[in-house]
Amino acid sequence: DIPVLAMHFAEKYATELGKSIKHITEDTAALMLAYRWPGNIRELRNIMERAVLLADGSIIRPEHLPEGFRKNAPQTTSAHTAAAVPESALSIEDYTKQTIIRCQDSLGEQQIADLLGITRKSLWEKRKRWGIRRPGDTNEDD
């Protein structure tokens, strides 16, 4: 069920983010099948959202998955692919910042918070900490 669910979430987030994801590579599917999924369906959903954000084309590849997949999974990827992926492709903090910035013009506050799995208050606190202003926000004294 993992590849089918993964593709479902990829298509869902691609639509929300204005992207076109058509395929998940066999190497990527193999990595996903080898993973234990301690966070179950919610973890799969979050990982596929991240993969869609990172994908620069219409295909989800192993390098779009978190580092833990590549480190702990059996060697199913080619040496060329593994060498091209930086050890820490994207921290959770950077992923969160990018998600807020990329989605703020097309999604509402609650939708962004839901996408990140946080409350609206946490979203507000992150915006304030990182100096990310909401579109149309003109108040300089937050």
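Any value given below was found using the heavy atoms of this structure, including those in side chains, with hydrogens, waters and symmetry copies removed. Predicted model, so just to flag it, every value in this text is computed and none were measured.
Summarising the geometry of Ala10 relative to Val52, their closest heavy-atom pair is O-CG2, 3.6 Å, with the distance given to 0.1 Å. The shortest non-hydrogen separation linking Ala14 to Ser20 is CB-N, 4.4 Å. Pairing each heavy atom of Ser106 with each of Arg102, the nearest pair is OG-O, 4.5 Å.
Put simply, the side chain of Thr28 never gets that close to the backbone of Ile24: no donor and acceptor are under 3.5 Å apart. Between the side chain of Gln111 and the backbone N or O of Gly108 there is at least one donor-acceptor pair closer than 3.5 Å. With hydrogens and angles disregarded, no donor-acceptor distance shorter than 3.5 Å links the side chain of Lys126 to the backbone of Lys97.
Taking the side chain as every heavy atom from C-beta outward, Pro62 and His64 never approach each other to under 4.5 Å. Looking at heavy atoms from C-beta onward, Ile21 lies out of side-chain contact with Ile59 at the 4.5 angstrom threshold. Between Arg50 and Tyr13 the shortest side-chain heavy-atom distance does not fall below 4.5 Å. The shortest distance between side-chain heavy atoms of Ile41 and Phe9 falls below 4.5 Å. For the pair Leu53 and Leu17, the minimum side-chain heavy-atom distance is below 4.5 Å. Within the 4.5 Å cutoff, side-chain heavy atoms of Leu123 are placed close to those of Glu109.
Distance NZ/Lys19 to CG/Asp56: 7.5 Å, rounded to 0.5 Å. To the nearest 0.5 Å, the span separating CD on Gln104 from CD1 on Ile112 amounts to 6.5 Å. Between atom CG of residue Leu54 and atom CZ of residue Arg61 there is a gap of 13.0 Å, rounded to the nearest 0.5 Å. One distance of note links CG of Leu107 with OG1 of Thr99; it measures 10.0 Å at 0.5 Å rounding. Summarising the geometry, atom CZ belonging to Arg127 is positioned 10.0 Å from atom CZ belonging to Arg120; distances are rounded to the nearest 0.5 Å. Residue Met7 holds its CE atom at 12.5 Å from CG of Leu5, rounded to the nearest 0.5 Å.
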*When you look at Thr96 and Trp130, which way does the side-chain contact (heavy atoms from CB on, under 4.5 Å) test go after all the steps?*
CA-CA 11 Å; Thr96 302; Trp130 297 326; 3.9 Å; yes
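Lys12 has a carboxylate O that lies under 4.0 Å from a charged side-chain N of Glu16, or vice versa, which qualifies the two as a salt bridge. Here Arg129 does not pair with Glu125 in a salt bridge; the nearest charged N to carboxylate O distance is not below 4.0 Å.
For the residue pair Ser122 / Thr119, a side-chain donor-acceptor distance below 3.5 Å is found, with atom types taken as modelled.
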